[in-house]
Amino acid sequence: MEPTVEVQQRLSPLLRQLGPALYELDPSFREDMRVPARIVADEELLQQMSQDHSILQLVNVTTLPGIQGFAIGMPDMHEGYGFPVGGVAGTLLPHGVISPGGIGFDINCGVRLLSTGLLHEEVEALLPALAHDLARSIPTGFGRHGRLSLDSEQLERVLAEGVPYVVDVLGLGTREDLPHIEAGGYLPGADASKVSVRARERGHDQLGTLGGGNHFIELQRVERIYDPDAAAAFALFERQLTILIHTGSRGLGHQVCTDAVREMDRALAREGIRLVDRQLACAPFSSPEGQDYYAAMCAAANFAWSNRQVLTQRVREVFSRRLGSRPESWPRIVYDVAHNIAKVETYGGKRLCVHRKGATRAFGPGNKELPTAYQRVGQPVFIPGSMGTASFVLAGRSESQSLSLSSACHGAGRRLSRAAAKRQVVGAELRKALNAQGIIVECPSNAELAEEAPTAYKDVDRVVDTVETAGIARKVARLVPLAVLKG
DNA sequence: ATGTGC
């Protein structure tokens, strides 16, 4: 990217404070801005964002054809491909653009929280065995394939039908799981024929695999409840054992994104779209390229939800083997949220294509898509911290609708690039430090461990407090790690 | 993030 970090550092004083933890850059800042850029942050987080190109990337997002209202950055925002990670933008349908860079390479990367009826102290002695069994049962790391190898018809149906197919036909899970997954684990806009042969080849044996990078499965203890009413609705209580799954659409989603960026790049001239950054490749939602990408993105999203569903079953198998088949040891889905996805949603009577890249949908109370038990308290939002730090459960507030297109943050957010983290952190020492904290680490690679060091991330407590201060969501529970499984 | 890159 052309502009320097210094440009961005000069830019942050131009941000005007609109409200608690909310800042705005007026569109007069640059003549190509169609709408303002807003950022949910405090002074410290703004300062951290100024260290990379993310604020400039957010300004670039405001130039996209059809963008409505404002582009908004979450407190965990950092630099990404074209769009910042932690960026949200809605474009007016039917002709506003859809941009693969606004969704991310890992389509429907997301987080699923499982609850148990077990207390931490009841299972403490068994944690090493549980972690070890999970590591044996679940392939982790770059390029690993799973135990399932789908034939072309099965893969096609996973892409077209998502989790309902995985439950009903493959027999992995129960019907009760479905309402506890965003969109029921299935976007009907999917068209498997729009997923390239290459993408399908990459995905056919990756269902039920965790992947690398920041993907993980964590066994956790509910350390603190902030909102007893919402916690009760989500079936969470103090000292409870929970399981958090963070993964996405693996090589399949990555290839869908790669394919679409190339196709859209070719169509830009025909559509008369001039971009400030080629990584913002996009096409009108109504165009052939826009429609093809949306159909393929929905299919990749269905694949990702299905992946988290298969992993859930692996967890359930390990738990029933080690803990018996009593109901307390059957992990139930609290909810499953996507944080790299575009959704068609209506705001102020307008149908928008809402891009959430490193941002979590955070519907407030009363939304019809939520399961009945959550209608009164709002949508569960999960914020995984970095390795060895806390994760949070939030509940979406109605105010999120006008503040942030019903969106919240998605994690702690990177502070250091992977390369910088690797230079600064010695993986073996980090492993020792985590073990000294009493955290079981199942991760074969010290290099992967170093890239995900807590020092490479922002302070998750601060990020979550900022989302709460802004009025987007409220804190429900704080979860702390007991064992982590990663690539 | 990713069968790691123009």
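So that the names make sense, note that chain A is the first sequence line, chain B the second, and so on, each numbered from 1.
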Handout entry: Interatomic distance where CZ belongs to R262(A) and P belongs to dC6(B) [whole Å]
Key = 15 Å
Exercise for the section: Identify whether any heavy atom of G213(A) sits under 4.0 Å from a base atom; if not, whether one sits that close to sugar-phosphate; answer base, sugar-phosphate or nothing. Expected result: sugar-phosphate
Completion exercise
L252(A) CG to dT2(B) P, in whole Å, measures 12 Å
Exercise for the section: Mind checking R418(A) for me? I need base, sugar-phosphate or nothing, with any heavy atom below 4.0 Å counting as a touch. Expected result: base
Problem - Least distance between heavy atoms, S99(A) atom then L280(A) atom - result: OG-O, 3.5 Å
Fill in the blank from the handout: To the nearest angstrom, the CZ-P distance between F142(A) and dT2(B) comes to 7 Å
Problem - Bracket notation of DNA chain B in which parentheses pair within the strand, [ ] cross earlier pairs, and | pairs with another strand (Watson-Crick or G-U, under 3.5 Å) - result: ......
Exercise for the section: Sequence neighbours left out, what pairs pass salt bridge (Lys or Arg N to Asp or Glu O under 4.0 Å) with at least one residue falling in residues 60-74 of chain A? Expected result: none
Handout entry: Interatomic distance where CD belongs to E451(A) and P belongs to dT2(B) [whole Å]
Key = 11 Å
Exercise for the section: Specify the separation, in whole Å, of atom NZ of K486(A) and atom C1' of dT2(B). Expected result: 14 Å
Exercise for the section: Please name all residues satisfying side-chain hydrogen bond (donor to acceptor under 3.5 Å, both in side chains) with S115(A), sequence neighbours left out, ordered by chain then number. Expected result: none
Handout entry: salt bridge (Lys or Arg N to Asp or Glu O under 4.0 Å) partners of residues 476-487 of chain A, not counting sequence neighbours, each pair once
Key = E223(A)-R478(A), D461(A)-R478(A)
Exercise for the section: For G212(A), answer base if it contacts any base atom (sugar-phosphate contacts may also be present), sugar-phosphate if it contacts only those atoms, and nothing otherwise; contact means non-hydrogen atoms under 4.0 Å. Expected result: sugar-phosphate
Exercise for the section: Could you tell me whether G251(A) contacts a base, only the sugar-phosphate backbone, or nothing, with contacts defined as non-hydrogen atoms closer than 4.0 Å? Expected result: sugar-phosphate
Practice task
Give Q206(A) one of three labels, base, sugar-phosphate or nothing, depending on what nucleic acid heavy atoms sit under 4.0 Å from its own.
Solution key: sugar-phosphate
Handout entry: H204(A) side chain to D151(A) side chain, donor-acceptor N/O pair below 3.5 angstrom
Key = no
Exercise for the section: Only counting residues at least two apart or in another chain, list the ones meeting side-chain hydrogen bond (donor to acceptor under 3.5 Å, both in side chains) with E345(A). Expected result: Y347(A), R356(A)
Handout entry: Whole-Å distance separating the CZ atom of R250(A) from the P atom of dT4(B)
Key = 12 Å
Handout entry: Rounded distance (Å) that lies between atom C1' of dT2(B) and atom CZ of R144(A)
Key = 16 Å
Fill in the blank from the handout: Here the distance between atom C1' of dT2(B) and atom CG of L210(A), to the nearest Å, is 14 Å
Exercise for the section: Answer with base, sugar-phosphate or nothing: what part of the nucleic acid does H215(A) contact at a heavy-atom distance below 4.0 Å? Expected result: sugar-phosphate
Practice task
Kindly state each residue pair satisfying salt bridge (Lys or Arg N to Asp or Glu O under 4.0 Å) with at least one member in residues 445-457 of chain A, sequence neighbours excluded.
Solution key: R414(A)-E452(A), R418(A)-E451(A), R418(A)-E452(A), K422(A)-E451(A)
